[in-house]
Protein chains: 2
Amino acid sequence: MSEEKEVTIYDIAKQLNISATTVSRGLKDHPTINIKTRKKIAETAKLLGYRSNTFASSLRSKRTQTLGVIVPRLNSSFMSSVLAGMENAANKEGYNLIIAQSQEQVEKEKENAQIMFNKRVDGLLVSLAYGTESIQHFEVFFSKKIPVIFFDRVAAHADSTSIIIDNYSAAYQVTKHLISQGCKRIMHVGGNMLLNVYSERLRGYKQALADHKLPFTEKLVLTGNLTEECGAETAQKILKMKVKDRPDAVFCANDTAAVYCMIALKAAGIKIPGEIAFAGFNNDPISRVVEPNLTTVNYPGYNMGQAAVTGITSHLNGGTNISDTNTIVLRSELIVRDSSVKKK
Amino acid sequence: MSEEKEVTIYDIAKQLNISATTVSRGLKDHPTINIKTRKKIAETAKLLGYRSNTFASSLRSKRTQTLGVIVPRLNSSFMSSVLAGMENAANKEGYNLIIAQSQEQVEKEKENAQIMFNKRVDGLLVSLAYGTESIQHFEVFFSKKIPVIFFDRVAAHADSTSIIIDNYSAAYQVTKHLISQGCKRIMHVGGNMLLNVYSERLRGYKQALADHKLPFTEKLVLTGNLTEECGAETAQKILKMKVKDRPDAVFCANDTAAVYCMIALKAAGIKIPGEIAFAGFNNDPISRVVEPNLTTVNYPGYNMGQAAVTGITSHLNGGTNISDTNTIVLRSELIVRDSSVKKK
DNA sequence: CAGAGAAATACAACCGATTGTATTTTTTTG
DNA sequence: CAAAAAAATACAATCGGTTGTATTTCTCTG
């Protein structure tokens with residue numbers, strides 16, 4: 001049983017006394033093959049337990065029906081939504097996903113890009129690692145006309161397609177909302193400012209302050225890695241400030257930092273939102289569990305994943321041309337929850 | 001620039017005036033090729049910008065250096081940890097991952113299995129969908145001696161390797177802990193009992209009750225899909241019970257249900273752990289955010305992912321034989337937090 | 001230095017599907 | 001019913017490494 005040879009189109013051809021060409025075309029429902037013949041081929045294929053050999057196929061056709069995905073890390077709530085969306089869309093379009101993580105290391109990102117290149121992925125989906133400043137390592141793809149789409153963490157100076165949300169505007173909305181609640185000393189905790197997502201959020205924050213005639217205070221802007229520890233440390237910094245210097249609101253560039261900062265402050269007896277209002281970013285599951293629930297920005301990860309894949313596949317199928325589209329901006333929305341509502 | 005032909009081993013061979021065979025073997029550091037020749041080949045390869053064609057290679061060698069992964073869904077905290085662990089191990093071993101989700105549907109699982117089979121994955125890693133009762137659709141892999149490893153959600157009657165934690169024992173520990181806190185009416189909210197993970201947890205719960213001379217009450221065992229809604233509904237059911245009939249502890253088979261049940265009960269004024277103690281399962285991020293923090297079982301997803309991959313690869317590399325190993329049980333541990341501590 | 005043995009390299013078939021073109025078969029038409 | 005057009009099928013080269021075996025080259029020994 002287990003040692004049977006693989007069944008090939010030649011076996012089918014022999015069985016039916018026709019040529020392998022006809023079988024090959026018949027299996028793909030090529031219009032020049034007689035419908036009856038196609039039916040017979042399909043039947044025989046099933047009968048013999050034929051399975052198409054993707055290598056032989058790819059070797060000749062130079063298409064792999066595979067998309068490469070490179071992300072900084074897989075284990076985040078946001079990224080798993082993105083992947084779920086990608087897989088869903090890819091599956092629908094008949095593509096497979098090869099997934100690798102850069103672990104936030106540029107070197108790994110390069111390696112992965114090389115592997116994907118060798119694996120001849122039909123397209124590449126990338127969210128950049130922390131330190132990535134040059135996207136030189138994707139040049140090989142560009143020069144071979146293999147479509148590349150960046151999402152979320154996109155290259156600052158890339159002339160390729162990017163899928164993002166309007167981080168600037170979202171941060172502006174958050175800040176504006178906090179201001180509307182009467183906050184005047186709003187702290188911003190951001191991430192690596194080399195990354196578009198964080199620099200844009202900072203920009204939105206600043207602009208909102210300016211538009212509402214609030215002073216921008218350098219000391220109220222912190223930068224960190226936005227981890228749990230980062231959140232807790234931020235709380236300590238706040239607690240060390242003189243009471244009058246303390247912020248009356250904190251806007252973190254992600255929910256994790258916001259939540260762990262809240263928790264630490266609450267433990268220290270600070271009232272939220274009474275003394276300090278809070279807002280985060282991402283709409284992570286934890287934002288709906290922390291008390292009070294965290295005001296945040298809904299980041300449509302699943303949709304982003306889908307959009308990235310359909311963007312690539314429609315290009316591959318000769319529909320839209322990716323190089324015409326520079327940026328796709330997905331809708332995000334402010335979700336106001338109790339952590340920031342001072343006025344009822 | 002962009003229209004160059006692909007560089008093949010023949011180009012390298014021509015350039016160096018040697019045969020393609022030598023180039024092929026040279027590139028793989030085959031011992032029968034002179035070291036100097038190898039060096040020259042490597043140099044020329046780099047010079048010409050050669051990239052190996054994996055199809056041509058796989059077509060002949062019948063190895064793909066690719067592992068297939070089929071999971072119920074990608075967007076859960078647990079699963080993303082598993083994937084991160086898998087990717088990490090696979091990368092180290094020189095394997096790639098093709099990932100697909102079954103969306104909890106048996107049909108999708110079958111389709112995915114078929115695709116993976118056609119893609120000639122060297123091995124398959126599977127966590128089963130909700131409704132999967134027969135693993136017939138993996139038979140093709142078995143018969144072709146393609147290693148399959150089940151993890152987390154394993155087939156009840158599979159004779160293949162499984163990687164799990166001791167769900168029975170973990171649930172036993174949880175229940176025992178609750179009992180040690182003085183709880184006498186412990187509710188259990190479980191998942192689909194066709195799945196090993198949930199039936200084992202129920203079994204552990206029952207045994208712990210029995211061992212401590214506590215009666216088993218049918219009405220205190222609920223089954224659901226363990227979503228947020230499920231948690232909230234459970235809370236409503238509890239609230240509808242006469243006060244004297246209410247449980248004094250709830251042990252949910254995952255953290256999500258536990259947390260959302262807690263939240264709803266708290267909103268109704270019930271004191272936790274005072275009136276009702278809580279315990280969950282998985283050690284999800286939300287378990288450390290909810291107040292009081294949730295007692296749970298640490299489920300080592302990352303390790304499980306790594307173990308699954310190294311299990312497969314060491315088999316593929318001819319090390320350990322997978323068919324000798326029936327089950328690998330990873331260590332899990334009870335994490336006691338405030339949600340269940342009645343006695344100080 | 002001849003001859004045996006080892007080391008290095010080359011030959012040639014092969015993996016299995018794809019595809020442009022040629023050929024055969026069927027259908028249509030005047 | 002023959003000729004032309006359309007439909008269906010077949011031929012044969014090709015994609016680019018891999019591998020068992022044959023051949024050549026080199027090294028060593030008596």
Side-chain angles (χ1 to χ4, degrees), chain A residues 3-42 44-45 48-66 94 115 117-122 144, chain B residues 3-42 44-45 48-66 94 115 117-122 144:
Chain A
E3 294 306 332
E4 319 153 358
K5 292 239 168 37
E6 286 290 335
V7 178
T8 72
I9 54 170
Y10 299 100
D11 299 321
I12 300 177
K14 204 174 294 169
Q15 186 90 184
L16 292 173
N17 235 323
I18 56 180
S19 77
T21 309
T22 306
V23 175
S24 172
R25 295 204 168 112
L27 286 171
K28 313 200 105 63
D29 275 327
H30 196 284
T32 76
I33 305 298
N34 191 302
I35 297 255
K36 286 179 193 165
T37 315
R38 284 189 232 169
K39 200 163 282 174
K40 259 190 276 179
I41 291 172
T44 317
L48 298 182
Y50 166 80
R51 63 166 172 164
S52 143
N53 185 319
T54 24
F55 311 133
S57 167
S58 296
L59 176 57
R60 191 68 227 267
S61 67
K62 303 198 180 292
R63 284 195 110 197
T64 59
Q65 300 293 2
T66 298
I115 292 172
F117 188 61
N118 285 345
K119 285 259 173 184
R120 305 293 205 275
V121 294
D122 287 344
K144 282 255 191 299
Chain B
E3 294 304 334
E4 318 153 359
K5 291 240 167 37
E6 287 289 335
V7 178
T8 71
I9 53 169
Y10 298 100
D11 299 321
I12 300 178
K14 204 174 295 170
Q15 185 89 184
L16 291 173
N17 235 325
I18 57 180
S19 76
T21 309
T22 306
V23 175
S24 172
R25 294 203 167 111
L27 286 170
K28 313 200 104 64
D29 274 328
H30 196 284
T32 76
I33 306 298
N34 190 303
I35 297 255
K36 286 178 192 164
T37 315
R38 284 190 231 169
K39 199 163 285 176
K40 259 190 276 180
I41 292 172
T44 315
L48 298 181
Y50 167 81
R51 62 167 173 165
S52 143
N53 185 319
T54 25
F55 312 132
S57 164
S58 296
L59 176 57
R60 190 71 227 264
S61 66
K62 302 193 181 294
R63 281 197 113 196
T64 60
Q65 299 293 357
T66 299
I115 292 172
F117 188 60
N118 285 344
K119 285 260 172 183
R120 307 292 206 275
V121 294
D122 287 344
K144 284 256 189 297

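Order of the sequence lines fixes the chain letters, A, B, ..., with proteins taken first and strands second; residue numbering starts at 1 for each chain.
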J.: Rounded to whole angstroms, how far apart are CZ on A:Phe55 and C1' on D:dT18?
T.: 14 Å
J.: Would you indicate, yes or no, if D:dT9 has its OP1 or OP2 atom less than 4.0 angstrom from a side-chain nitrogen or oxygen of A:Thr37?
T.: yes
J.: The side chain of A:Ile33 lies closest to which of these nucleotides: D:dG17, D:dC15, D:dT9?
T.: D:dT9
J.: Select base, sugar-phosphate, or nothing to describe what A:Ile18 touches, counting heavy atoms under 4.0 Å on all strands.
T.: sugar-phosphate
J.: Below 4.0 angstrom from OP1 or OP2 of C:dA10, is there any side-chain N or O of B:Tyr10?
T.: no
J.: Between A:Ile12 (CD1) and C:dT18 (P), how many Å, whole number?
T.: 11 Å
J.: Would you please confirm or rule out a distance under 4.0 Å between OP1 or OP2 of C:dT18 and any side-chain N or O of A:Ser57?
T.: yes
J.: Return the value, rounded to whole Å, for the distance between atom CG of A:Leu27 and atom C1' of D:dT9.
T.: 15 Å
J.: Among D:dG17, D:dC11, C:dT18, which nucleotide sits nearest the side chain of A:Thr21?
T.: D:dC11
J.: Below the 4.0 Å mark, does C:dT18 have OP1 or OP2 next to a side-chain nitrogen or oxygen of A:Ser24?
T.: yes
J.: In this structure, how many angstroms lie between the P atom of C:dG16 and the OH atom of A:Tyr50, rounded?
T.: 10 Å
J.: Roughly, in whole Å, what's the span from CD1 in A:Ile41 to P in C:dT18?
T.: 12 Å
J.: Round to the nearest Å and state the distance from A:His30 atom NE2 to D:dT9 atom P.
T.: 12 Å
J.: Could you tell me whether B:Arg51 and B:Glu6 make a salt bridge, using a distance below 4.0 angstrom between a side-chain N and a carboxylate O?
T.: yes
J.: For C:dA10, does OP1 or OP2 lie under 4.0 Å from any side-chain N or O of B:Ser19?
T.: yes
J.: From CZ of A:Arg60 over to C1' of D:dC15, roughly how many Å is that when rounded to an integer?
T.: 6 Å
J.: Under 3.5 Å, is there a donor-acceptor pair between the side chain of A:Thr44 and the main chain of A:Ile12?
T.: no
J.: With a cut-off of less than 4.0 Å, is there a side-chain N or O of A:Asn34 near OP1 or OP2 of D:dA8?
T.: yes
J.: Okay, side chain of B:Thr37, backbone of B:Gly26: is any donor-acceptor separation there less than 3.5 Å?
T.: no
J.: Can any side-chain N or O of A:Thr64 pair as donor or acceptor with the backbone N or O of A:Arg120 at less than 3.5 Å?
T.: yes
J.: Side chain of A:Lys62 only, heavy atoms from C-beta on: which candidate in D:dG16, D:dA10, C:dT18 is closest?
T.: D:dG16
J.: How long is the line joining CG of B:Asn53 and P of D:dC15, in whole Å?
T.: 11 Å
J.: Does B:Asn53 offer a backbone N or O that forms a donor-acceptor pair with the side chain of B:Ser57 under 3.5 Å?
T.: no
J.: I want to verify a distance call: between C:dA10, D:dA13, D:dG17, whose nearest atom is closest to the B:Ile9 side chain?
T.: D:dG17
J.: So for B:Arg25 and D:dG20, does any side-chain atom that can act as donor or acceptor lie under 3.5 Å from a complementary atom in the base?
T.: yes
